[in-house]
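Notes for the one structure printed next.
To find a chain, count down the sequence lines: A is the first, B the second, and so on, and within it residues start at 1.
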Amino acid sequence: MVMRLAPGPSGPLHLGHSRMAILNDAYCKATKGTLLLRLEDTDPDRVMLEAFEWIAQDLQWLGVTIHTTVVQSDRFDLYYAHARRLLEVGAAYVSTAPEEVWRDAKLHNRPLPERHEAPHAQLERFDKMLGGAYHDGEAVLVIKTDLADPNPALRDWAAMRISTSPHPRTKDRYLVYPLMNLAVALDDHLLGLTHVLRGKDHLNNTYRQRWVFDALGWSVPHYIHYGRVRIDGPELSTSTMAAGIADGTYSGWDDVRLGTLRAMEARGIEPAALRRYWVEAGVNEVDVVLSWPTLYAFNKELIDDRSDRFCFTPDPRTVRIEGVEGPLERSSPLHPSHPERGERRSTLHPHGGVVEVLIAGADWDPLPNGALVRLKDMCNLTKVDGTTATFAGVPMPTGGRRPQILQWVEPIGALPLQVRRPEGPVDAGMVEAAAGAAAGGVVQLERYGFVRLQPTSAERPTQLHGAFAHR
RNA sequence: GCUCCCGUAGUGUAGACCGGCCAAUCAUCUCGGCCUUUCAAGCCGAAGACUCGGGUUCGAAUCCCGGCGGGAGCACCA
């Protein structure tokens with residue numbers, strides 16, 4: 001099998017692209033086939049130079065194996081040669097009618113006079129196009145189909161147009177640009193594609209492209225179309241993302257509020273989770289909605305075992321514990337299933353019988369005065385009021401109901417942490433000192449969720465920020 | 001408006017080509033229980049679907065027709 005990935009290099013890859021990439025890659029790997037990356041940069045106004053590199057990186061992160069990469073802007077001479085061939089065999093014509101006139105004619109099943117002219121006249125106009133005799137929009141190469149086709153989307157379609165916009169790669173070398181349907185049809189044959197697996201938004205394009213194959217006497221590859229994916233939540237529009245990054249709304253292409261693959265990576269979403277998700281979804285032509293809970297469940301299965309645990313107290317209260325007679329010791333495993341990995345230890349020394357701890361406001365505030373609770377892995381206390389508690393012993397109370405167990409953080413050495421959530425909000429709080437050593441990796445903040453931690457800056461390594469993955 | 005595609009639990013998915021083994025699979029979600037010094041993980045259990053109506057047939061999720069619903073396209077974007 002020879003298959004291809006054909007993104008337009010207008011930005012980094014996002015969740016929607018990941019399905020196309022993973023599915024094609026999965027089929028190629030399963031059949032020991034060949035996978036091509038074909039960058040479709042035939043619209044000079046929508047090409048972002050950096051995207052060529054980004055796409056390669058994103059695919060590598062996804063674990064997609066690319067055997068060959070081709071760039072369509074390197075192949076214009078090839079397209080011109082085949083356009084000539086199409087004109088010679090009468091499968092195409094050059095129209096110099098205004099766009100609206102041409103469109104209106106085909107909508108009413110009416111041919112324009114130029115459509116009937118002989119190949120030599122068409123080629124003459126085509127050479128004038130290439131020679132710069134026309135300006136943007138003044139001439140276009142059109143593939144002849146059936147003007148009586150009941151499907152209006154399938155009647156004569158534009159295949160090459162004129163654009164004087166400079167192309168980021170080829171600058172002003174070309175004036176005549178192939179449109180997607182022509183370039184794709186030609187390349188799919190010239191590159192030896194056997195199977196084309198793409199979204200069903202290309203369904204009509206498949207019918208259009210068939211006219212080129214037939215005119216040139218080529219046999220068509222096997223087409224498979226999968227349904228549309230609705231992805232709720234993150235921003236996916238390249239132009240909106242770019243604007244947001246430019247005006248500071250987003251921190252970059254990996255901002256957790258975006259749907260880019262770099263954002264997924266920043267959050268600690270594993271490529272293997274995405275792969276499993278799309279492979280299980282398969283190539284059904286039904287439209288689907290991306291299920292975040294399912295994706296997160298797959299991801300959790302991958303990262304749970306290797307993510308060390310730490311306590312995080314968002315929006316913390318400082319609570320004075322009175323009546324403490326000696327130092328309080330605490331030790332908690334880095335991972336409850338892997339005691340061999342070591343422990344996080346603290347020793348809290350009382351001053352005048354008082355020890356201070358941090359407790360999340362959402363945990364502490366709702367507690368009624370007089371409530372008996374336990375600080376996880378350390379001691380019991382009774383709430384007196386909003387800022388004070390009394391020490392109530394070290395051992396876990398036996399008999400009766402087990403007290404509520406709270407996460408807490410020792411104030412001395414605690415690190416400030418800001419966690420950015422994909423939905424937008426930022427949770428600011430304090431995380432236990434030991435988490436500093438995990439910066440750069442994914443941790444589980446107990447009862448809060450999985451977060452990738454990063455030092456906020458090189459100058460301030462003790463201040464952290466985090467990207468929230470999921471619970 | 002025209003054309004094409006699709007319709008199995010909340011979300012996805014298997015089964016449909018070659019009707020019966022489907023009182024419909026698996027995953028996720030939800031809800032119980034066990035375990036647990038995380039409301040995590042793990043273990044056990046429960047609930048939850050063939051879009052509707054006709055037809056063919058001894059028998060239809062599966063074949064046929066129609067309705068309804070959803071999506072895509074009708075770009076000199078990809």
Worksheet item: Which parts of nucleotides 68-78 of chain B does protein reach within less than 4.0 Å, heavy atoms only, written one letter per nucleotide 5' to 3' as B for base, S for sugar-phosphate only and - for none?
Response: ---SSBBSBBB
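- Following rounding to the nearest Å, A/H108 (NE2) and B/C2 (P) show an atom-to-atom distance of 14 Å.
- Here the options are A/R103, A/R115, A/K106, A/R110, the test is salt bridge (Lys or Arg N to Asp or Glu O under 4.0 Å), and the partner is A/D156; only A/R115 passes.
- A/E117 meets the salt bridge (charged side-chain N to carboxylate O under 4.0 Å, His left out) test with A/R125; sequence neighbours excluded.
- B/G7 and B/C50: their P atoms are spaced 16 Å apart (whole Å).
- Comparing B/C2 with B/G67, their P atoms sit 13 Å apart, to the nearest whole Å.
- Rounded to the nearest Å, the gap between the C1' atom of B/G48 and that of B/A40 is 26 Å.
- Whole-Å rounding puts the A/R374 CZ to B/C39 C1' distance at 18 Å.
- For A/D214, there are no side-chain hydrogen bond (donor to acceptor under 3.5 Å, both in side chains) partners two or more places apart in sequence or in a different chain.
- Classification of the A/H225-A/Y223 ring pair by plane angle, with boundaries at 30° and 60°, yields parallel.
- Side chain to side chain, A/S332 and A/R330 meet the donor-acceptor criterion of an N or O pair below 3.5 Å.
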Discussion item. Please convert RNA chain B into dot-bracket. A pair counts if it is Watson-Crick or G-U wobble with both distances under 3.5 Å; crossing pairs go in [ ] and bases paired with another strand get |.
Written reply: (((((((..(((.......[.....))).(((((.......)))))....(((((..]....))))))))))))....
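- Of the candidates B/C4, B/A40, B/U38, B/U38 carries the atom nearest the A/R447 side chain, counting heavy atoms from C-beta on.
- Ion pairing between A/D25 and A/R275 holds under the 4.0 Å rule for side-chain N and carboxylate O.
- In this entry the distance linking CD of A/Q444 with C1' of B/G42 reads 14 Å, nearest Å.
- With B/U37, B/C6, B/G12 as the candidates, the nucleotide lying closest to the side chain of A/E285 is B/C6.
- Applying side chain to side chain contact (heavy atoms under 4.5 Å, CB included) to A/V355 and the options A/V319, A/L348, A/L381 leaves one that passes, A/L348.
- In the set B/U37, B/A41, B/G7, the nucleotide with an atom closest to the side chain of A/K376 is B/U37.
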N/O to N/O distances under 3.5 Å, protein versus nucleotides 28-36 of chain B:
{"residue": "B/U28", "atom": "O2'", "partner": "A/T294", "partner atom": "N", "Å": "3.4"}
{"residue": "B/U28", "atom": "O2'", "partner": "A/T294", "partner atom": "OG1", "Å": "3.0"}

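- A/R447 contributes atom CZ, which lies 5.0 Å from atom CD of A/Q407 (distance to the nearest 0.5 angstrom).
- Nucleotides B/C31 and B/G69, compared at atom P, are 34 Å apart to the nearest Å.
- Taking the six-membered ring where the residue is Trp, A/Y80 and A/Y174 present perpendicular rings, their angle passing 60° and hence far from 30°.
- Here, B/C65 and B/U56 have their P atoms 15 Å apart, quoted to the whole Å.
- The distance between atom NE2 of A/H470 and atom P of B/A41, rounded to the nearest whole Å, is 11 Å.
- Looking only at atom types and distance, the side chain of A/Y448 has a donor-acceptor partner in the side chain of A/D427 under 3.5 Å away.
- One can place CZ of A/R330 at 13 Å from P of B/U38, the figure rounded to the nearest angstrom.
- Taking 4.0 angstrom as the limit, A/N284 places none of its side-chain polar atoms (N or O) nearer than this to OP1 or OP2 of B/G12.
- A residue-by-residue look at A/S337 and A/L290 shows that A/L290 has its nearest nucleotide of RNA chain B further toward the 5' end.
- A/I303 has its CD1 atom 12 Å from the P atom of B/A41, to the nearest Å.
- Whole-Å rounding puts the A/W408 CH2 to B/U37 C1' distance at 12 Å.
- For A/E285, there are no salt bridge (charged side-chain N to carboxylate O under 4.0 Å, His left out) partners two or more places apart in sequence or in a different chain.
- The aromatic rings of A/Y177 and A/H167 sit parallel to each other, their planes meeting at less than 30°, with 60° as the upper class boundary.
- Annotation: B/U25 and B/G15 have their P atoms spaced 14 Å apart (nearest Å).
- Separating the P atom of B/C21 from that of B/U30 is a span of 33 Å, rounded to the nearest Å.
- Separating the CG atom of A/L372 from the P atom of B/U37 is a distance of 17 Å, rounded to the nearest angstrom.
- B/U51 and B/G45 have their P atoms separated by 29 Å, with the value rounded to a whole Å.
- Heavy atoms of A/D377 sit under 4.0 angstrom from at least one base atom.
- For the residue pair A/S18 and A/W278, a side-chain donor N or O sits within less than 3.5 Å of a side-chain acceptor on the partner.
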